[in-house]
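Quick notes on the structure that follows.
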Amino acid sequence: MRAKSIQVNPARHLRGKINVPGDKSITHRALILSSLAKGGSVIKGMGRGLDCLATQKIIKRMGVVIEEGEDLFVQGRGIHGLEEPGDVLGCGNSATTMRLLAGLLAGQNFYSVLSGDRFLRERPMSRVTEPLTMMGAKIWGRKRGHFPPLSILGSPLEGIRYSLPIPSAQVKSSLILAGLYAEGETCITEPYQSRDHTERMLKFLGLPIERDDLTVRVKKLTSFPGREISVPGDVSSAAFFIGGAAILEGSHLRVLSVGLNPTRMGFIDALRQMGADIEVHLEGKRSGEEYGEIEVRGRRSLEGTTIEGDMIPRLIDEMPIVAVVSCFAEGQTIIKDARELRVKETDRIRAITTELRRMGAEVEEREDGMIIKGRGYLKGAECQSYNDHRMAMALTMAGLCAEGRTKIRGSDCIDTSFPGFWTTLEGILIE
Ligand code: S3P
């Protein structure tokens, strides 16, 4: 297992311009859909974290030729062109890889097995295996389909109407991908809007998808040509630096060419609610996704806020850094309706509470969130990442804003989504 520790010293400011890696969610979808196209696709600016590389490797194992350079060239094999893999498909730590591919593989005409590292093998999969089974999928996993490995015997599928019990883009996308191989219409309704990259990319590729508020409808796929797909910078990776710069007075940070999809902007809304000085400059739309620049200036005073309801899916991955910022905001920050955090890369409610308390924060753990009483200060401590990339990056920002030195055990997991994180940080760090 990857581990390694890192020491973080207090910083004065974060200043300058940065680029962040290509969006992880969009990259997974670009890889999967381009492999089904007829002919070549070029993916520009893709994320090269370990999660995206896991999806890339699996697609290659099903016979898709990929040429790697600055851009990625994917020679799509058409909608029925994937080949039965000769071995178990390793998803590493990536739940997005496993859940999206479970949907895709359910409707193929071959057998496949999806597995992952010991952390992924403890993450819930019945949220996809149950509705996929309703569509006619033959899919098995440990504990009655609840845990990986997932073993999938591709079979004919039928469209269903399904209301997601929780807002989840992974589940929605898994069912959309299965729906592309199903007879009739697949109709999926969410309680709140989750990220909509799959829907946007299908539309961009000219595939039949209809959206009406919280409902998405798809029909069986027909042949479609490959295209050039541009992936914007990952706003979830940018969030750590934006959060750090918002805390450190006198900071001035510009994040260039980053994705500005509204379903991902909850973090910016939350920070603004707290009084952070953030400007968003929309520059345009590429491959169906808005992109532009985010500019943040560090302010002396931030205020506590409440984060709940439909805002949660729009900032679910940013919660560790929201919690860090809350420690520097005056008054209480209340986070609720966020039970999903308990089944992310780690139980993030427990992990955030434990680690921020180590750093002197006053945090109350709740079943579906936490209450943080901002004291405007954290102290350096010895912390751990729980092998969770977003915990490691959030704790790094906490360490930069704390008094005294912070040690983070298990910092290597940052490569899951953000190889180059430390170099990016060095470029803007003023000690
Ligand atoms: C993702 C969806 C979210 C998010 C994950 C990526 C995606 O998960 O937390 O990092 O790419 O669809 P859920 O759909 O489980 O909320």
Side-chain angles (χ1 to χ4, degrees), residues 21-33 46-47 49-52 54-56 91-104 116 119-120 122-131 148 162 164-178 188 190-202 214 216 231-232 234-240 259 261 263-267 289 310-322 337-349 351 368 387-394 413-414 416-418:
D23 189 277
K24 182 160 86 70
S25 293
I26 300 177
T27 300
H28 285 297
R29 285 137 173 102
L31 285 164
I32 294 172
L33 291 170
M46 69 172 272
L50 296 175
D51 276 13
C52 295
T55 297
Q56 182 181 325
C91 303
N93 189 243
S94 175
T96 312
T97 304
M98 183 169 283
R99 295 190 178 126
L100 265 57
L101 288 178
L104 175 75
F119 301 97
L120 182 58
E122 295 307 319
R123 295 191 59 191
M125 291 297 148
S126 42
R127 53 183 60 200
V128 290
T129 58
E130 279 173 10
Y162 188 71
L164 298 186
I166 36 157
S168 163
Q170 291 181 354
V171 178
K172 176 177 60 176
S173 303
S174 180
L175 301 183
I176 290 176
L177 289 169
I188 307 147
E190 311 188 76
Y192 295 129
Q193 172 78 63
S194 65
R195 63 192 69 191
D196 63 354
H197 305 299
T198 309
E199 297 91 305
R200 284 169 179 249
M201 200 173 292
L202 286 177
L214 297 172
V216 179
V231 182
D234 196 327
V235 70
S236 297
S237 299
F240 300 100
N261 179 319
T263 62
R264 298 282 298 280
M265 299 298 279
F267 173 68
E289 295 279 352
D310 61 3
M311 202 169 183
I312 299 295
R314 295 173 58 243
L315 51 51
I316 191 78
D317 288 342
E318 288 66 74
M319 216 56 104
I321 183 67
V322 168
D337 306 323
R339 195 172 281 107
E340 264 303 283
L341 289 174
R342 295 210 179 265
V343 290
K344 290 291 174 191
E345 281 81 335
T346 186
D347 174 345
R348 283 187 179 152
I349 296 181
D368 68 341
N387 198 51
D388 178 342
H389 54 134
R390 300 201 199 278
M391 280 300 297
M393 288 186 274
C413 58
I414 289 176
T416 299
S417 62
F418 201 156

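This structure is a prediction, so every number in the text was calculated from the model and none was measured. Ligands are counted one by one from 1 in listed order, and the atoms in each one are counted from 1 as well.
Between D234 and R264 there is a salt bridge, since a side-chain N of the basic residue sits under 4.0 Å from a carboxylate O of the acidic one. Ion pair R195/D23 not flagged as a salt bridge, since none of the NZ, NE, NH1 or NH2 atoms sits closer than 4.0 Å to an Asp/Glu carboxylate oxygen. The pair K344-D388 does not count as a salt bridge, with every side-chain nitrogen at least 4.0 angstrom from each carboxylate oxygen.
In this structure, S126 contributes its side chain and T129 its backbone to no donor-acceptor pair below 3.5 Å.
Proximity annotation for atom 1 (C) of ligand 1: of R127, Q170, K172, Q170 comes nearest, heavy atoms only. Nearest-heavy-atom check against atom 10 (O) of ligand 1 across D317, I26, I312 picks out D317.
Under a 4.0 Å heavy-atom criterion, R29 is in contact with ligand 1.
Residue R123 does not touch ligand 1, judged by heavy-atom distances below 4.0 Å.
When each atom of ligand 1 is checked for a heavy atom of K344 under 4.0 Å away, the hits are 3 (C), 4 (C), 8 (O), 9 (O), 13 (P), 15 (O), 16 (O). For ligand 1, the atoms lying closer than 4.0 Å to a non-hydrogen atom of T96 are 6 (C), 7 (C), 11 (O). Against a heavy-atom cut-off of under 4.0 Å, S168 is close to the following atoms of ligand 1: 13 (P), 14 (O), 15 (O).
Residue-to-ligand polar distances keep R195 apart from ligand 1: every N/O pair is separated by 3.5 Å or more. The shortest N/O to N/O separation between A169 and ligand 1 falls below 3.5 Å.
Between K172 and S194, the side chains place a donor N or O and an acceptor N or O closer than 3.5 Å (distance only, hydrogens not considered).
From I414, atom CD1 reaches atom CZ of F240 across 8.5 Å, with rounding to the nearest 0.5 Å.
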Stepwise salt bridge (charged side-chain N to carboxylate O under 4.0 Å, His left out) test for E199 and R29: CA-CA 10 Å; E199 297 91 305; R29 285 137 173 102; over 6 Å; no
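Nearest protein heavy-atom contact of atom 11 (O) of ligand 1 is S25 OG, 2.7 Å.
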